[in-house]
Amino acid sequence: MSIPVKSQKFLLIPKGSSKAIISHLESNGYAVSIIDVFLLRLFGFPQSGFVEIPSRFLKECNENSCIIKRADFLASLVSAKAATKSITLIPGETSYFLLQDIARIFNLDKEKLQALYEKHSPYQDGVIFADTYSLPYHANEEMIIKYLIESSLARHRKLSNELLGFYDERTWFQYVAKASIIQKEAANIAEMPIVSSVIDNRIKNNMPLQMDGSLNYGKYSHTRITPDRIRNDTSQFNTYKYKGIPKEPSGSVSIDSIKAAIYPAKTEYLYFMRNKNGVHDFAKSYDEHLKNINRVKN
């Protein structure tokens, strides 16, 4: 019981049994074993989530970790309380602005967050699920980025297996790329499968998508799309210049937009125009589309 354990001051306790908790800690480098399952049960049951080890247990510490006797470590898990702040990623927002929010809320280095995101994320956007996350308020840049990406990738795998019956990263994130356009173009959830059908119909007819939402990527998330921007943007997200769906998502997505990307409505629509009520009028032909445009102007 006096064998030392090296522990972080803040750590993640998973939901589940004492055995699952000890197994998680062991897999993350903590000097614990199956025997500690029984010892932990004697102390009680830890709170799940990000927790802070009580200061009374923290004696031999440096900036990042502490050396604690095993008995004290197990007791500290039961005594530890949640120490978190919340960060919300709304559907359609980009990682560029998410990282700015994280830097501001947690007083962290924005450039370091960006560098770590690029290191750990397989794509520049669309990886972190749109959701609210509770994160430890003393977490560093590495801990936050790894948690957001690893937990989100686990959700992607789970959702892909549920909706497709398998998980292949490239296949799945092509759907996410499509969903990221739907997310920004659709006025509401009901429109999402219809917008998805327009994307498929335009591709089938060898037409460029010509959708402004794809150009609201990265730092341009809140930038109005102008003719000058369309002419000069040479990125893969310029669906006026390049046909098809970009190879990467242009922003975060909701589960509704992913479902719409996979299961589009069956339509012959090729165009849509936002009307005075804030929703879209869909059209099968360019002449019909021009009438919808003129109706908005008049």
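No experiment lies behind these values; they were computed from the predicted model shown.
In this view, Asp233 and Arg229 satisfy the salt bridge (charged side-chain N to carboxylate O under 4.0 Å, His left out) rule, not counting sequence neighbours. Residues that satisfy the salt bridge (charged side-chain N to carboxylate O under 4.0 Å, His left out) test with Asp287, not counting sequence neighbours, are absent from this structure. The salt bridge (charged side-chain N to carboxylate O under 4.0 Å, His left out) check on Arg155 picks up Asp131, with sequence neighbours excluded. For Pro122, the side chain to side chain contact (heavy atoms under 4.5 Å, CB included) criterion is met by Val127, Leu153, Glu169, not counting sequence neighbours.
Screening residues 38-53 for side-chain hydrogen bond (donor to acceptor under 3.5 Å, both in side chains), with sequence neighbours left out, gives Glu52-Tyr137. Applying the ring-ring contact (aromatic ring centres under 6.0 Å, His included) rule to pairs touching residues 13-38 yields Tyr30-Phe73, sequence neighbours excluded.
Aromatic ring centres of His156 and Tyr167: separated by at least 6.0 Å.
Remark: Asp281 CG to His289 NE2 distance equals 10.5 Å, nearest 0.5 Å. Here CD of Gln183 is found 6.5 Å from OG of Ser252. Values are rounded to the nearest 0.5 Å. Atoms CE and OG, on Met211 and Ser250 in that order, are 11.5 Å from each other to the nearest 0.5 Å. Distance CD1/Ile149 to CD1/Ile128: 5.5 Å, rounded to 0.5 Å.
Taking the ring centre of Tyr269 as origin, the terminal cationic atom of Arg202 falls outside the region bounded by 6.0 Å and 45° from the ring axis.
Cluster membership for Val198 and Met273, using ILVMFWY side-chain heavy atoms within less than 4.5 angstrom, is not shared. Following chains of ILVMFWY side-chain contacts shorter than 4.5 Å, one can reach Ile105 starting from Leu113, so the two form part of one hydrophobic cluster.
If you run side chain to side chain contact (heavy atoms under 4.5 Å, CB included) between Ile22 and each of Ile34, Ile35, Leu74, only Leu74 comes through. Between Glu141 and the options Leu99, Ile102, Leu108, a side chain to side chain contact (heavy atoms under 4.5 Å, CB included) holds for only Leu108.
Using modelled atom types, no side-chain atom of Thr267 and backbone atom of Ile194 make a donor-acceptor pair closer than 3.5 Å. The closest donor-acceptor contact from the side chain of Asn216 to the backbone of Thr223 lies under 3.5 Å.
The side-chain heavy atoms of Gln100 and Arg104, taken from C-beta on, include no pair separated by under 4.5 Å. Under the 4.5 Å side-chain criterion, counting only non-hydrogen atoms from C-beta, Leu77 is in contact with Leu25. Side-chain contact check for Asp101 versus Leu89: every heavy-atom pair is 4.5 Å or farther apart. Taking the side chain as every heavy atom from C-beta outward, Met192 and Ser254 approach each other to under 4.5 Å. Counting heavy atoms from C-beta on, the side chains of Val253 and Tyr175 never come closer than 4.5 Å. In this structure, Ile255 and Phe129 have side chains that are in contact, with non-hydrogen atoms separated by less than 4.5 Å. The shortest side-chain heavy-atom distance between Ile144 and Phe106 falls under the 4.5 Å cut-off. Side chains of Val78 and Leu40 form a contact here, defined as non-hydrogen atoms less than 4.5 Å apart.
In this structure, Thr94 and Gly251 approach most closely via the heavy-atom pair CG2-CA, 4.3 Å. Closest non-hydrogen pair, Phe43 versus Ala71, comes out as CZ-O, 3.7 Å. Across all non-hydrogen atoms, the minimal contact from Leu209 to Ile181 is CD1-CD1, 4.1 Å.
Within a 6.0 Å radius of CG in Leu164, more than 12 heavy atoms belonging to other residues, nucleotides or ligands are found.
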*Check step by step if side chain to side chain contact (heavy atoms under 4.5 Å, CB included) holds for Leu163 and Tyr263.*
CA-CA 10 Å; Leu163 297 178; Tyr263 307 116; 4.1 Å; yes
field: From CA spacing to verdict: side-chain hydrogen bond (donor to acceptor under 3.5 Å, both in side chains), Gln124, Ser95
entry: CA-CA 8 Å; Gln124 69 182 65; Ser95 62; over 6 Å; no
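Salt-bridge formation is not detected for the pair Asp256/Lys259: no Lys NZ or Arg NE/NH1/NH2 atom is positioned less than 4.0 Å from an Asp or Glu carboxylate oxygen.
There is a side-chain donor-acceptor pair under 3.5 Å between Asn232 and Asp228.
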